[in-house]
Every structure is written in structure tokens, then in C-alpha cells.
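Structure first, commentary second.
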Amino acid sequence: MKARFVLSAIVIAASWGCSSAPVAPRGDLLRSPPQYRQPLAGPIRTIVIDAGHGGHDPGAAHNGLKEKHLTLDIARRLRANLEEAGFTAVMTRETDQFIPLSGRPAVANRLGADLFVSVHINANHNRRVSGAEVYYPRVSAVSQSAKWPPAVRAAEVGMPTLTVKQILWDLVLGRTRSQSRKLASTICGSMKHGLQVSCKAKPARFVVLREAWMPSVLVEVGYVSNWQEAQHLNRSEYRASAAKSIAQGIVSYIREAGAQHI
Ligand SMILES: [Zn+2]
């Protein structure tokens, strides 16, 4: 507990620019080598779309449907919608392929993408639960296996410990979190309208969100465990509407806040 408190104090002090903070100025810690564009500085151009699960990981499976197939289909449609709107959209997977969790935000980090959107389908043991949810990252512990933030090389850090890694990732999250929250609620508003479903924007500790260098959200399109929602998700028209709603939410967010964010 004590270590966590000290860590939080360091992060708060650093983000407030407190001169007595026991860390180097952020510009030194997070300076970008040439291969990384300075994050969050310009207009939004590149959006990475992550189709959840894949390969030997089917995700949720109920009512004859598998999450990995539904997410890939919706992600493909979302890409087409975003490309039509003039953005560069890149998918973490384009086939039924397994990608480890950390490898997903890593694609966006490597590209210097402006937004990261992961698409999932929900399930609950209570089969009556239905509706959409959009998650944004909650402050949480990074794992030992987490990569260093993209602008930092372990060799550049004096003491490349897990604590230092945590501090650096907390700085990244401090810069992106309010935008992630805004993006989540804008997508939710669009899904409510477009799909006529309930939608809540919530914080969560997901690795795919925690390790993204840019504003990031995870969209749970609906509950495959709910019979009626499974029937909807099984229809290509509904998946097309879901993709369109998510895309419209992203475009609204970019229009409202994107060009000037952070
Ligand atoms: Zn999932």
C-alpha cells in the first residue's frame, strides 16, 4: 500500500509539474526518438481497430455464435466506414488469428496511431443481461511483462525497474485518460441512437487499454448470452449498424475534441 501511495504521489507531482518531484522533467523521460511521432499533438489520422480474440481463443461462445467471428466481422465493417470518412484504419488482425493481449496495443504504439478501438462481444451468466458497454482505461498496475512506453528504451532508463515502468505508464495514462473517457461516452451515445440499445461508458483495467500510448476504448457491442441480442448479432445488417454507430461515435468525438486534444 505504501509503495502505491508513494508512486501515486510521484505521478501527481510530475503531472502537476512540481519542481520538487523526484523524477526528471517529463520532456526528458518521454522524449521521442525519431521513429515515434510526438503523440497526441496533431489532428487524428490513424485509427487502429482491434478485433477481440481469434485463433485458439474464441472469446464468448453462446447460442451457436463465437465472439471471435463477430468481432472480426464488425471490425472489418468499422474499418470500411472509417476509411470512407477519410481516416487511415489499420486492423490488429484480419484473419482468425491469435494475438496476445499486449501485442494488440503494441500495433497501435508501433504505428504512432492516434486512437485505439478494441471490439468485443459480451457474455453474462445471467442471460437476461443485454446492451452495449464502452470501457476506457482505469489507473491500474502494469504487468511485469508490459513493454516500456514506446518513446522510452529500457537502456535509457537509469533504473529499469517495474516501479519506474509503472510511473512512466501512469504519465501516459494521465495524458490520455480524459480523452479516452470522452471517446467512450461519444461512442455510447451513438450506439444508443443507432442500435436502440442501452449503453454505459465505464472505466476498466484491461491490458489492451492500459498499454496503449493514445486514447483507447474497448467496445462491448452486445451480449451473445442473451438470446434476443444473439439473434441480432447473428444478422449481418445488425453488425453493419453496429459498425456504423461506432464509426459515427468516433467521427463525432474527433469533430468535437480530436483536432486539439491534450
Ligand atoms: Zn472479449
Side-chain angles (χ1 to χ4, degrees), residues 47-79 89-108 113 115-138 140 143 145-146 180-181 183-184 187-188 190-191 195 197-212 215-236 238-243 245-247 249-250:
I47 300 162
V48 166
I49 305 163
D50 173 44
H53 308 275
H56 65 75
D57 170 18
H62 290 271
N63 292 308
L65 300 174
K66 283 184 182 163
E67 179 179 359
K68 65 174 184 175
H69 298 313
L70 298 172
T71 57
L72 183 58
D73 182 81
I74 294 169
R76 280 184 180 142
R77 294 170 192 271
L78 177 57
R79 174 177 59 180
V90 179
M91 291 174 65
T92 54
R93 70 176 177 99
E94 298 194 53
T95 58
D96 184 12
Q97 162 197 11
F98 176 76
I99 302 173
L101 286 178
S102 285
R104 296 167 183 265
V107 171
L115 297 176
F116 177 80
V117 179
S118 188
V119 178
H120 285 251
I121 304 291
N122 227 333
N124 195 297
H125 61 269
N126 180 351
R127 290 172 179 241
R128 280 177 300 186
V129 175
S130 66
E133 281 149 23
V134 184
Y135 292 93
Y136 56 91
R138 177 196 288 261
S140 57
S143 64
S145 62
S180 299
R181 192 172 58 220
L183 176 60
I187 292 174
C188 250
S190 180
M191 289 179 85
L195 295 177
V197 292
S198 66
C199 186
K200 287 186 190 125
K202 301 175 181 176
R205 298 181 179 91
F206 290 133
V207 170
V208 289
L209 302 181
R210 186 70 181 81
E211 295 177 14
S216 59
V217 293
L218 186 148
V219 183
E220 295 276 9
V221 178
Y223 282 80
V224 78
S225 48
N226 177 279
W227 189 83
Q228 191 172 15
E229 213 151 65
Q231 304 313 303
H232 291 322
L233 289 163
N234 197 24
R235 287 175 42 233
S236 60
Y238 189 85
R239 295 195 299 274
S241 298
S245 301
I246 298 168
I250 294 170

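Note that ligands are numbered from 1 as they come in the structure, with each ligand's atoms numbered from 1 the same way.
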Can you tell me the N, O or S atom of [X] that's nearest the Zn ion (ligand 1)?
X: His53; result: NE2
X: His120; result: ND1
X: Glu67; result: OE2

### Query
Okay, side chain of Arg104, backbone of Leu209: is any donor-acceptor separation there less than 3.5 Å?
no
### Query
Got a donor-acceptor contact below 3.5 angstrom from the Asp50 side chain to the Gly52 backbone?
no
### Task
Can you label the angle between the His53 ring and the His120 ring as parallel, tilted or perpendicular, going by 30° and 60°?
perpendicular
## Note on the structure
Contacts satisfying salt bridge (charged side-chain N to carboxylate O under 4.0 Å, His left out) that involve residues 216-236 (not counting sequence neighbours) are Arg235-Glu237
